2 protein chains.
Amino acid sequence: MATLKDVARLAGVSVKTVSNVVNGYSFVKPDNRRRVEEALEATGYRPNLGARNLRRGRTGFIALVLPELSIPYFAELASLVIAAAQEHEWNVLIEQTFGTLAGERAALTSLGPHLVDAAILSPEALQVDDFQLSVPAVLLGEHAVDVPISRVGIDNVAAAQAAVRHLISLGHERIAAIGAHPHRGTAALRLEGYRRALAEASLPFDDDLVVPALNYHRADGAAAMRSLLDLPTRPDAVFCFNDLLAIGAMRAAAERLVRVPADLAVVGFDNNEESVYSSPSLTSIAPDKSAIAHAAVDLLHRRVESGELLDDVETPFSLQVRESTVAR
Amino acid sequence: MATLKDVARLAGVSVKTVSNVVNGYSFVKPDNRRRVEEALEATGYRPNLGARNLRRGRTGFIALVLPELSIPYFAELASLVIAAAQEHEWNVLIEQTFGTLAGERAALTSLGPHLVDAAILSPEALQVDDFQLSVPAVLLGEHAVDVPISRVGIDNVAAAQAAVRHLISLGHERIAAIGAHPHRGTAALRLEGYRRALAEASLPFDDDLVVPALNYHRADGAAAMRSLLDLPTRPDAVFCFNDLLAIGAMRAAAERLVRVPADLAVVGFDNNEESVYSSPSLTSIAPDKSAIAHAAVDLLHRRVESGELLDDVETPFSLQVRESTVAR
DNA sequence: TCGGGTCTTTACATCGTTGGAACAACGATG
DNA sequence: CATCGTTGTTCCAACGATGTAAAGACCCGA
């Protein structure tokens with residue numbers, strides 16, 4: 001592999017001059033520049049990033065810490081983050097925590113400042129005192145603990161409210177919620193949105209209709225739905241805190257021969273691609289994932305480049321109405 | 001951030017002695033070792049990986065080059081590869097190609113040897129002469145071009161044959177195939193498995209029943225299915241070359257009020273988690289993704305450690321029978 | 001006490017790159 | 001013609017770690 005030294009020898013100039021050409025320094029004689037460029041071409045020179053970063057004190061990597069790549073929402077997000085990071089010549093290192101406190105702590109401690117320049121965190125279990133970060137970071141979504149780290153994400157309360165309002169506008173009165181969670185910040189916010197929508201329509205809040213879910217996987221949604229269907233009086237609609245829960249819920253409903261949306265309307269959250277093709281397709285809150293990815297990466301870039309402290313960013317969302325609430 | 005120098009000063013020894021302790025060198029006096037360890041603890045020293053790798057000529061990263069993370073199969077695989085790589089203290093760098101030749105070429109050229117120690121490639125469009133790699137690599141799946149790079153994956157012909165045999169054993173005689181592709185190696189192999197299964201059952205091979213798909217997304221499956229349903233004589237079963245195509249196909253069938261499996265049996269390939277919860281759930285070929293991830297990473301690790309040249313690895317698969325072929 | 005081997009530690013060079021200082025060449029200015 | 005500022009180039013040190021070689025400490029038997 002060619003180094004600056006090799007290129008310099010070939011071009012008959014000093015190493016630094018080659019470095020200057022590579023880095024776009026203006027004051028290089030046209031003649032030398034040409035010779036260097038030819039030599040670069042001939043040797044196929046590629047900078048040694050390790051060495052460059054050692055010198056510059058940067059690594060060229062950012063970390064993306066998330067629960068699990070096999071969850072569609074995070075896979076889609078990761079895809080967008082990678083693309084956004086590329087625009088700033090950043091490579092993305094993905095760390096999976098599997099939603100556990102131990103996993104999140106491990107990820108955080110492994111993020112030494114020589115490994116990454118910055119980090120995007122999507123924590124689920126972290127406590128306040130865990131946030132002793134050695135690099136700039138942003139949080140995705142919301143988090144219950146109050147830490148001095150910028151957040152990027154949608155207004156969860158408003159989004160949940162919009163989802164439930166939609167159900168109410170269709171005439172549903174006994175609306176369940178799946179996905180309550182003791183520690184998850186977003187769960188509390190979405191529950192609050194659910195509450196508010198009920199309240200503004202003067203519908204009663206019924207504890208029996210709020211079902212917790214520990215993992216937000218499809219299986220949890222199915223289990224929660226079964227317990228709802230076992231109630232003396234079934235709900236006529238259900239708001240699930242993510243699409244996977246909703247998919248599981250629709251599956252459980254189908255197994256009990258409960259028709260969606262005729263007998264039960266379902267709304268999800270995340271707008272996974274999967275939900276567009278399910279039968280019935282799923283009405284869902286659609287956060288602008290691309291906006292989230294870009295905002296997070298841009299925020300970090302500005303932070304790293306100029307050191308400025310940063311505000312939170314609220315990204316837009318929309319409600320995608322599909323067959324699970326309105327029959328085609 | 002503490003460096004070896006800081007630790008050395010604190011412990012009152014030379015930098016190299018600290019380095020020796022950090023790297024587990026045996027011959028360090030117990031007394032010095034203790035003092036160094038205390039100093040390491042006190043400073044919270046973490047090695048600068050860039051510097052270490054510059055010196056060692058290793059980077060500690062491997063690349064995983066795949067079409068797109070938002071495709072469930074690749075997301076699941078990436079998740080497993082990251083976990084497997086961790087066992088060898090490797091970090092994983094994910095590069096997305098979006099299935100284009102340009103994207104794959106770009107990914108390959110960006111993989112200088114100072115960026116990654118090795119690469120796992122899942123190419124779709126690459127040509128023979130593109131494989132001028134500067135680091136050890138393995139290919140996932142099959143590829144039409146014949147290059148001297150180890151492959152890891154299942155026997156695609158046998159797997160496709162098993163899928164179609166299953167349909168035949170259920171009495172289907174007019175079996176379609178969705179996913180033919182001019183350049184994709186796996187597509188040719190799966191088509192060959194389909195052919196063989198038909199041949200061994202003395203069923204005719206009908207060109208009209210083989211539908212190409214360019215992108216293997218849900219939308220492509222839906223479009224292909226619609227064209228099949230427009231045929232004068234509809235198929236009574238369809239074998240899709242991946243689960244996304246199958247999900248799209250089932251969606252299109254539902255829109256035309258064609259019942260699955262009563263009017264049309266469907267088999268997919270990949271066994272995505274999504275397919276377990278779809279309605280109806282999807283019968284699918286299940287490659288052992290964990291085995292694939294481990295085999296690929298282990299292969300590369302041995303290659304990098306000992307330099308040995310490596311054979312291909314064939315990983316197991318199974319057929320998961322669900323509602324899309326056998327009503328519950 | 002000396003020679004010889006085994007431990008243990010250190011100084012130094014090095015990996016490939018870039019920042020900074022030094023220096024050289026140049027035309028322009030007074 | 002001396003001085004000056006602007007360009008253009010080179011040399012040297014440094015980023016933080018580790019391999020090498022050599023030196024120092026130690027213990028053994030002769």
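These numbers come from the heavy atoms of this one structure, side chains and all, not from hydrogens, waters or symmetry mates. Predicted, not measured: the structure shown is a model, and the values here were computed from it. First the proteins, then the strands, lettered A, B, ... as listed; each starts at 1.
- Pair assignment for C/dG30 gives D/dC1, based on Watson-Crick or G-U wobble hydrogen-bonding distances that are each under 3.5 Å.
- Each of B/Ser26 and B/Arg55 was assigned the nucleotide of DNA chain C with the nearest heavy atom; the assignment lying further toward the 5' end belongs to B/Ser26.
- One interatomic measurement links the two molecules: NZ of A/Lys5 to P of D/dC11, which rounds to 13 Å at whole-angstrom precision.
- Between B/Ser19 and D/dT18, a side-chain N or O to OP1/OP2 separation shorter than 4.0 Å is present.
- A sub-4.0 Å separation between OP1 or OP2 of C/dG16 and a side-chain N or O of A/Thr3 is absent.
- For the 3.5 Å distance criterion, the side chains of A/Gln96 and B/Ser79 qualify, holding a donor opposite an acceptor.
- Contact check, B/Tyr25 against C/dT10: no side-chain N or O comes under 4.0 Å of OP1 or OP2.
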Inset, instruction - Apply the test salt bridge (charged side-chain N to carboxylate O under 4.0 Å, His left out) to residues B/Asp298 and B/Arg302: give CA-CA distance (whole Å), side-chain angles for both, the deciding distance (0.1 Å), then the verdict. - result: CA-CA 6 Å; B/Asp298 291 351; B/Arg302 292 213 304 281; 5.9 Å; no
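- A donor-acceptor pair is defined here as one N or O able to donate and one able to accept, closer than 3.5 Å; such a pair exists between the side chain of B/Lys289 and the backbone of B/Asp270.
- Positionally, the nearest nucleotide of DNA chain D for B/Leu54 lies more toward the 5' end than for the other of B/Lys16 and B/Leu54.
- Atom CZ of B/Arg46 is separated from atom C1' of D/dA17 by 15 Å (rounded to the nearest Å).
- Residue-level contact check: B/Asn23 touches the backbone only, with heavy atoms under 4.0 Å from sugar-phosphate atoms and none from bases.
- OP1 or OP2 of C/dT18 sits under 4.0 Å from a side-chain N or O of A/Arg52.
- Between B/Phe27 and B/Ala51, the residue whose closest nucleotide on DNA chain C is further toward the 5' end is B/Phe27.
- Contact between the side-chain N/O atoms of A/Arg56 and the OP1/OP2 oxygens of C/dT18 is found at a separation under 4.0 Å.
- Atom CD of B/Glu89 is surrounded by 12 or fewer heavy atoms from other residues, nucleotides or ligands within 6.0 Å.
- When heavy atoms are screened at a 4.0 angstrom cut-off, B/Val15 is found touching base atoms of the nucleic acid.
- Contact annotation: B/Thr17 side-chain N/O to C/dT10 OP1/OP2 distance is under 4.0 Å.
- Counting heavy-atom neighbours within 6.0 Å of A/Glu305 CD, excluding the residue itself, gives a total above 12.
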